[in-house]
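Here is the structure we will look at, set down as structure tokens.
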2 protein chains.
Amino acid sequence: ANSAKPCDKQLFTTLNRLLANPFARVVLPQNMPSSRIAKYFPVTWTHAYANAQHNAAFAVSSSAPAWMKHGVSWSFSEARAWPLSNPNAYDTSVYGARSALPTITQFYGNATGVTVVKGVVYAESDDDFAYAINAKTGHLIWRSSPVGNHLMGDPVVSGNIVYISAGSVGFNFSAVQKYAAHQPAVRGEHVSFNGVYALNAQTGKLLWRYGTVGEAMATPVVKDGDIYFATGSGHIHCINASTGQSIWDTFVGGIDNMSSLSVVNGKVYVSLSVPGWLYCLDAKTGQVIWKVTQPGVVNTGMGDVSPAVADHIVVMDAVADPKVIAGQKTVNTVLFAVNAQNGHVLWTAKMGRGPLPPAFKGGVPMIHDHVIYVGSPVNSVYQAYNLTNGRLLWTWHVPHAGPAGAGRGAPTYYQGTLYVSTGPTIYALNPRTGQVLGHETLGGRFGIVNPVIVGGTIYLGNSWDWVLATPVSRVNPFYHG
Amino acid sequence: ANSAKPCDKQLFTTLNRLLANPFARVVLPQNMPSSRIAKYFPVTWTHAYANAQHNAAFAVSSSAPAWMKHGVSWSFSEARAWPLSNPNAYDTSVYGARSALPTITQFYGNATGVTVVKGVVYAESDDDFAYAINAKTGHLIWRSSPVGNHLMGDPVVSGNIVYISAGSVGFNFSAVQKYAAHQPAVRGEHVSFNGVYALNAQTGKLLWRYGTVGEAMATPVVKDGDIYFATGSGHIHCINASTGQSIWDTFVGGIDNMSSLSVVNGKVYVSLSVPGWLYCLDAKTGQVIWKVTQPGVVNTGMGDVSPAVADHIVVMDAVADPKVIAGQKTVNTVLFAVNAQNGHVLWTAKMGRGPLPPAFKGGVPMIHDHVIYVGSPVNSVYQAYNLTNGRLLWTWHVPHAGPAGAGRGAPTYYQGTLYVSTGPTIYALNPRTGQVLGHETLGGRFGIVNPVIVGGTIYLGNSWDWVLATPVSRVNPFYHG
């Protein structure tokens with residue numbers, strides 16, 4: 001087997017391109033999925049976490065192939081893959097576990113979930129690469145690194161274009177000085193290069209980019225031919241999804257960290273921090289229609305979580321009400337619901353006090369059938385609330401939550417069961433009681449990651465820089481594909 | 001030529017490794033230099049810019065091969081190489097030229113010069129890779145990316161080990177808040193992973209790493225079996241050069257940006273900023289012997305420039321004395337000489353007022369034969385001063401200095417001529433008058449880059465992420481190898 005094999009030209013060219021440039025785009029057409037199965041998959045991906053309700057659950061029709069119904073299992077190691085067998089993040093001995101976990105998430109791994117469209121899993125990673133992976137086989141179709149910056153969101157897909165967004169957590173020193181002088185400090189300014197990059201969905205080839213001064217960590221929305229996103233300079237943009245030309249650019253101030261937008265019924269909902277405000281803008285003109293906040297919101301909280309929208313109600317949560325108790329900084333998580341039309345606060349709830357979590361400080365809410373499912377890393381719980389009146393239905397305490405806290409990722413409601421990915425494990429819960437029905441431990445760590453379910457498979461990206469697929473049945477013994 | 005060639009096993013393995021992981025280490029032993037020429041080259045590289053005097057000039061003996069005497073010419077594109085023909089940095093349309101220049105330097109290219117040892121050019125780049133390149137042919141010997149972070153210094157070499165240092169300019173948000181609250185803010189903390197990484201000089205294989213909380217942007221010193229470096233957390237370290245074990249760790253506070261140390265006669269000289277102090281420590285124990293500053297030093301100035309040491313005198317420069325003139329922030333550059341034993345300031349000089357430059361705010365001084373040659377990006381000049389009494393000998397205004405200013409890199413004195421790399425050009429100057437004797441324009445931009453001269457060749461790294469070699473004779477028409 002070791003004798004020289006005939007080396008076809010395409011292989012030779014790929015090797016020479018990679019020897020010349022490790023960031024060269026790689027395309028392996030032989031790994032493309034068969035077009036026959038595309039119709040059983042989602043065909044677009046408009047929002048972070050699939051849609052404005054953040055419920056990434058897609059049943060498949062009975063005519064779908066068996067493997068889609070029973071589910072597949074594979075693991076794809078991305079460029080900075082850290083061994084799944086290693087329970088500790090890179091350099092835990094230097095930073096301690098509490099800080100090494102968010103650091104590996106923000107600089108090596110996948111901060112949020114993956115995107116699954118037409119038989120392809122798209123992932124963008126903090127290893128500076130975007131990937132297209134065959135959803136059945138887990139083999140690489142293409143990878144592309146159009147900019148030397150971290151890619152912290154979900155790719156969004158419309159037509160034959162995949163949109164990724166570049167930006168990181170860093171401030172340079174002049175921004176540090178401006179913040180100290182109470183002047184606007186732009187997150188990401190002159191910290192590598194930021195913005196939205198449009199790639200050909202088949203090949204990963206860069207079509208165009210819309211460069212921004214502030215970081216574009218948060219996932220854009222692609223809808224009806226337009227793209228909406230907000231950045232670390234307090235600007236909210238609408239650009240044309242085919243050409244990248246700017247349509248409107250509204251400055252509201254503050255910083256968008258990881259808070260992705262929701263665009264529903266001609267309105268854009270987005271939350272920024274420093275100062276902390278949840279905004280509603282007119283999707284056509286970019287005019288701010290209303291903005292609302294909560295007393296005592298602190299830190300980056302209001303710029304972390306992506307607001308969910310359903311039944312004309314916007315749901316958001318943020319850390320608030322800081323108190324030092326026994327020498328430790330503690331906060332509570334305020335969950336609040338707002339009338340999507342006029343911005344009136346319908347109700348608020350306190351999810352529980354606990355230590356101020358590192359890095360991402362909230363839980364991405366998911367709304368299904370008039371119920372909000374949401375976690376919080378402050379006290380590492382998941383809870384369910386009635387959407388209309390805010391009544392608490394149940395609380396589940398995440399086991400082995402770890403020093404950085406658990407509860408950041410959006411849950412997924414699929415065929416009568418709730419799925420949550422947190423730490424190294426995926427859990428199946430009873431949606432009415434929060435009781436655990438089953439779980440599977442895959443290793444690594446799921447950061448702000450939601451389990452994306454298509455048919456019988458759960459697809460996820462993790463902080464250890466892997467993309468994973470596992471059958472639903474391995475997590476939920478009661479599931480039959 | 002396009003027919004399938006027999007693919008040897010090693011090629012096939014390399015391709016599969018790169019397909020699996022673009023950051024995989026690549027070794028091409030066939031490109032190693034012949035051991036016969038090693039002795040004509042430097043055999044170690046102890047400091048940034050070659051030595052404590054920062055004069056990277058190495059004549060070769062008459063028995064050296066002809067190509068070493070006449071000089072070679074090649075250009076090696078690194079992983080994020082930006083076309084040399086493009087006069088503008090990446091995203092100049094987004095940031096403007098003044099800011100795009102330092103940004104591409106800090107996140108894509110080579111911030112400082114290269115290292116040339118035993119026929120190999122070693123470079124570390126902000127594209128996250130370290131490179132070993134054949135000094136004659138410009139072909140890749142190995143490349144390695146042991147950590148997903150920017151490599152902003154010069155590799156230092158001792159024995160069979162190459163040491164690189166990882167760290168970047170970013171502060172995370174908690175550091176931003178601490179700085180605003182006048183608490184110590186650590187540059188680089190939880191901004192990817194930092195520290196010193198030891199690589200096998202032949203293969204680039206990682207031997208060990210010494211992880212640090214603060215960034216380790218500045219080049220370490222390797223001397224007599226020990227390594228000395230300072231970080232963004234105000235710690236100055238001495239570790240064992242073979243094992244990486246810590247010997248001493250002295251906390252002085254403040255932030256080391258790009259200021260590399262000098263270790264001379266058992267003393268360590270390093271300068272940090274915020275607050276700005278030039279320190280002298282006992283190399284054995286890490287005890288601070290003295291520290292000195294200058295009135296009115298501002299910003300990161302004192303942590304940018306690497307102090308040079310010669311004839312028992314330490315030379316440093318930093319931006320100081322800020323004034324707003326016609327609405328524009330201006331500063332002057334204070335150059336000062338200090339008795340290396342007792343820290344008494346021998347003399348100070350003002351290099352001239354001008355606008356506050358972006359990013360790196362000083363000129364790396366070089367000392368040769370009792371004369372200091374130093375530039376400043378404040379008013380884009382190079383000047384010569386008498387080392388003993390600080391008398392100004394001449395001033396040369398850098399032509400086409402550009403919006404970010406010129407004058408950051410250390411000059412090199414070689415066989416009666418002074419060489420300076422700045423902007424896209426290398427200049428040959430008369431060391432007594434500063435008059436231009438010749439120049440060669442190579443494209444791209446030289447940041448804090450010194451021209452490294454070995455025999456008849458000048459070796460440089462640039463901000464466009466290229467390593468370049470050019471014959472001295474192309475820059476200086478009066479030079480005959």
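Values below: every heavy atom of this structure, side chains too, minus hydrogens, waters and symmetry copies. Here is the naming used below: chain letters follow the sequence lines, and residue numbers restart at 1 for every chain.
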request  = Tell me yes or no: between the side chains of Ser125(A) and Asp465(A), is some donor less than 3.5 Å from an acceptor?
outcome  = yes
Review point. Going by atom types only, do Ser273(A) and Asn257(A) share a side-chain donor-acceptor pair under 3.5 Å?
Key: yes
When the 4.5 angstrom heavy-atom criterion is applied to Tyr108(A) and chain B, the contacting part is side chain
Quick one: of [options], who has the most non-hydrogen atom pairs under 4.5 Å with chain A?
options: Tyr179(B), Phe76(B), Tyr90(B); result: Tyr90(B)
options: Arg209(B), His150(B), His182(B); result: Arg209(B)
options: Thr14(B), Asp91(B), Val26(B); result: Asp91(B)
options: Leu19(B), Asn21(B), Thr13(B), Thr212(B); result: Leu19(B)
options: Ala185(B), Ala79(B), Gly170(B), Ala180(B); result: Ala79(B)
options: Gln177(B), Arg187(B), Gln106(B); result: Gln177(B)

Here the pair of heavy atoms bringing Ile239(A) nearest to Phe229(A) is CD1-CE2, 4.0 Å
Parallel, tilted or perpendicular, judged at 30° and 60°: which one describes the rings of Phe193(A) and Tyr95(B)?
tilted
Beyond-backbone contact of Arg25(A) with Ser144(A), side-chain heavy atoms, under 4.5 angstrom
yes
For Tyr197(B), the ring-ring contact (aromatic ring centres under 6.0 Å, His included) test, sequence neighbours excluded, returns none
Taken in chain and number order and not counting sequence neighbours, the residues that satisfy ring-ring contact (aromatic ring centres under 6.0 Å, His included) with Phe360(A) are none
Using heavy-atom distances under 4.5 Å, tell me whether [X] contacts chain A through its side chain, its backbone, both, or neither.
X: Ser145(B); result: both
X: Val274(B); result: side chain
X: Val176(B); result: both

Per-residue tally against chain B (heavy atom, under 4.5 Å) across Asn194(A), Ile104(A), Val94(A) peaks at Val94(A)
One option among Gly148(A), Ala359(A), Gly211(A) has the most heavy-atom pairs under 4.5 Å with chain B, and it is Gly148(A)
Requested in this report: Could you check Phe23(A) against Phe23(B) for ring pair (Phe, Tyr, Trp, His ring centres under 6.0 Å), going step by step and ending with a plain yes or no?
Outcome: CA-CA 9 Å; Phe23(A) 295 113; Phe23(B) 295 112; 5.8 Å; yes
